[in-house]
Amino acid sequence: MAKGGQTPKDPASPRMQEAWKLKESGDVLAARHAAERILADNPTPEDKAQAEELLRRGTTPLALYGFAALAAFILVLLVVLATTRY
């Protein structure tokens, strides 16, 4: 579900408006593809900045993968400790 205030107040072009609408509707993959197509077409500086912002907002932070790996390691460690104790 989209939250208020995610889309810039003045999207640079109709193509960027469509990309932001896709992101707000929950279709992040289609929004990312639309932003990548905009960047590939030699965009204006405003479109370029907004497309890069949309791509930044649509990616998973690398730190999240690190925390997930740490949690998996701790879970495995606890299971190993539990099985060796009993």
Value rounded to 0.5 Å, distance of CG in L54 from CG in L22: 9.0 Å
Under the side-chain contact (heavy atoms from CB on, under 4.5 Å) test, residues paired with L78 that sit two or more places apart: I74
CD-CD distance between Q50 and Q17, expressed to the nearest 0.5 angstrom: 9.0 Å
Show me the donor-acceptor pairs, under 3.5 Å and distance only, between side chains in residues 29-43 and residues at least two apart or in other chains.
residue	atom	partner	partner atom	Å
R32	NH1	L55	O	3.2
D41	OD2	R15	NH1	3.4
D41	OD2	R15	NH2	2.9

R56 and E53 ion-paired at < 4.0 Å: yes
Interatomic spacing from CZ in R85 to OG1 in T83 - rounded to 0.5 Å: 12.5 Å
